[in-house]
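Because only heavy atoms are used, hydrogens play no part in the values below, and waters and symmetry mates are left out as well, while side chains stay in.
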Amino acid sequence: MTKQIDDPTAPENDPTASPRQRKIIHIDMDAFYASVEQRDNPELRGKPVAVGGSRERGVVAAASYEARKFGVRSAMPSVTAKRQCPDLIFVKPRFEVYKEISRHIRLIFAEHTPIIEPLSLDEAYLDVTNNNQNIPVATDIATLIRAKIKAETDLNASAGISYNKFLAKLASDHRKPNGQFVITPRMGPAFVEALPVGKFHGVGPATGAKMNRLGIFAGLDLRNQTLEFMQANFGKSGSYYYWISRGIDDRPVRADRVRKSVGAENTFSEDLSEFDAMIAELQPLIDKVWRHCETLGSRGRTATLKVKYSDFEIISRSQSVQAISSRADLERIAVELLKKLMPVPKSVRLLGISISAFIEAPFDTPEQLPLLL
């Protein structure tokens, strides 16, 4: 259900709100890949669905809400997912379909604002402070967008509305699925202080565990730390954590956001240890990454090889050059990086290759290419 609350920047609703305060919406499609499959195949509706590979080495790319009730999550090994949900139905991903729907949804966003920052195929930030229809209330814009997405794609989206990106993303999670929530400037600090640090966007499992070891369990604990303490323990990220614990996030919504990396990876049906076998497995990944670069007309400077061993240890090796200007360049660097790891100390279950440090990156969805399943 939709939770309608006052507009986050309306001065009459919040005496602390500035007339120039930004109005930001975070739109997040609900269980996007799985919802598309359930939409297109009525037999899957109401059933636990996982998009991904069902074989032993497969990985869940997305899970329906019916599957999530059993603890099935994206990036979970398929065997684990099946163990937790014996009735789980695996569906092969159709990434071209998902991309086309994502482009359609982006056009709906563009009806309201040109300031759109896509995070992936299924979520984006929108700055609607000054919007195309001059609608004064950001919650009304979010309602219109969600209604049009539903009408034109038959898919549900959730929305978060606030005065900065951090809180807008928190808000979109608060009424999932198929809802929206607003965090006003008056609500922001109190909302953050009760939040477990593991719920903070940008705090992963390792950082969360480190915070817990330091006695930091919730936003209020973070707020009680000095800036110097946070920087000493968390480096550059420490400043970000310090300010968001106070509900402060000055990052703008960037319509010209530069893609950080393009990559592809694959988990093998059997572990590999021979150099030639691994080179053969790298070829389709190199093809996929380079095809994407060619499509966008973008070139990067850094190639990174990712290796996951049989015991799940992950390492990466990178090499930077003036420019990776051809598929042959990318292959040559990938081969050189792999050669330096030979002979491998233990068998390999996954390889990945990516390009980063882009010289120029046209506007498009910044994304990690999906796993080859």
Side-chain angles (χ1 to χ4, degrees), residues 2-10 13 17-30 32 35 98-153 155-185 187-188 191 201-202 244 247-260 361-367:
T2 298
K3 178 72 171 179
Q4 194 79 11
I5 301 182
D6 294 336
D7 181 79
T9 65
N13 294 324
S18 163
R20 301 294 299 168
Q21 196 122 48
R22 288 182 295 173
K23 301 180 183 183
I24 295 175
I25 301 173
H26 178 257
I27 299 285
D28 195 359
M29 300 300 296
D30 296 331
F32 183 47
S35 295
Y98 310 148
K99 289 178 182 178
E100 184 56 37
I101 296 170
S102 181
R103 282 190 284 268
H104 185 161
I105 292 168
R106 186 92 58 84
L107 292 175
I108 295 174
F109 297 160
E111 293 175 7
H112 295 276
T113 177
I115 309 176
I116 304 164
E117 181 180 332
L119 302 178
S120 61
L121 293 179
D122 61 346
E123 62 176 320
Y125 289 114
L126 288 68
D127 188 326
V128 296
T129 311
N130 300 302
N131 57 85
N132 297 346
Q133 287 89 3
N134 294 317
I135 299 173
V137 181
T139 51
D140 290 347
I141 299 173
T143 300
L144 289 170
I145 288 172
R146 293 177 52 242
K148 190 157 189 179
I149 289 173
K150 181 65 174 179
E152 297 190 3
T153 71
L155 297 170
N156 292 325
S158 293
I161 305 98
S162 196
Y163 56 97
N164 64 45
K165 291 165 75 171
F166 171 68
L167 292 173
K169 187 168 177 66
L170 284 183
S172 67
D173 286 336
H174 204 62
R175 286 289 185 267
K176 267 187 163 291
N178 195 27
Q180 66 185 54
F181 187 74
V182 180
I183 300 176
T184 69
M187 295 166 56
F191 190 91
H201 179 55
I244 62 173
I248 299 170
D249 178 11
D250 292 329
R251 295 173 301 157
V253 176
R254 294 184 54 191
D256 59 346
R257 181 181 175 188
V258 175
R259 134 188 341 262
K260 293 183 178 179
F363 174 69
D364 190 58
T365 305
E367 59 176 318

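Between the side chains of Thr143 and Gln180, at least one donor N or O lies within less than 3.5 Å of an accepting N or O. Between the side chains of Asp30 and Ser158, at least one donor N or O sits under 3.5 Å from an acceptor N or O.
The shortest heavy-atom contact between Ile24 and Tyr163 is CD1-O, 4.3 Å. Residues Ala157 and Arg146 share a closest heavy-atom pair of O-NE, 2.7 Å. Considering all non-hydrogen atoms of both residues, Ile183 and Ser162 come closest at O-OG, 2.6 Å. Ser172 approaches Asp28 most closely through the heavy-atom pair OG-CB, 4.5 Å. The minimum heavy-atom distance linking Ala255 with Pro114 is given by the pair CB-O, 3.7 Å. Listed here is the closest heavy atom pair of Ala159 and Ile27: CB-CD1, 3.7 Å.
Once rounded to the nearest 0.5 Å, the distance linking CD1 of Ile25 with CG of Asn131 reads 8.0 Å. Here the CG atom belonging to Leu144 is positioned 11.5 Å from the CD1 atom belonging to Ile108, to the nearest 0.5 angstrom. To the nearest 0.5 angstrom, Thr113 atom OG1 is 15.0 Å from Tyr125 atom OH. Interatomic distance, NE2 of His201 versus CG of Asp249, reported as 9.5 Å (0.5 Å rounding). The distance from atom CG of Leu121 to atom OH of Tyr98, rounded to the nearest 0.5 Å, is 10.5 Å. The line from CD1 of Ile141 to CD1 of Ile161 is 9.5 Å long, rounded to the nearest 0.5 Å.
No donor-acceptor pair under 3.5 Å is formed between the side chain of Lys165 and the backbone N or O of His26. Ser35 places no side-chain N or O within 3.5 Å of a backbone atom of Leu155 that could act as its donor or acceptor partner.
Remark: Glu111 engages Lys148 in a side chain to side chain contact (heavy atoms under 4.5 Å, CB included) (not counting sequence neighbours). With sequence neighbours excluded, the residues forming a side chain to side chain contact (heavy atoms under 4.5 Å, CB included) with Asp127 are Arg22, Ile115, Thr129, Val253, listed by chain and number.
The shortest side-chain heavy-atom distance between Ile145 and Leu126 falls under the 4.5 Å cut-off. When side chains are defined from C-beta on, Met29 counts as touching Ile149, because their heavy atoms get closer than 4.5 Å. Contact check for Asn164 versus Asp250: no side-chain heavy atoms found under the 4.5 Å cut-off.
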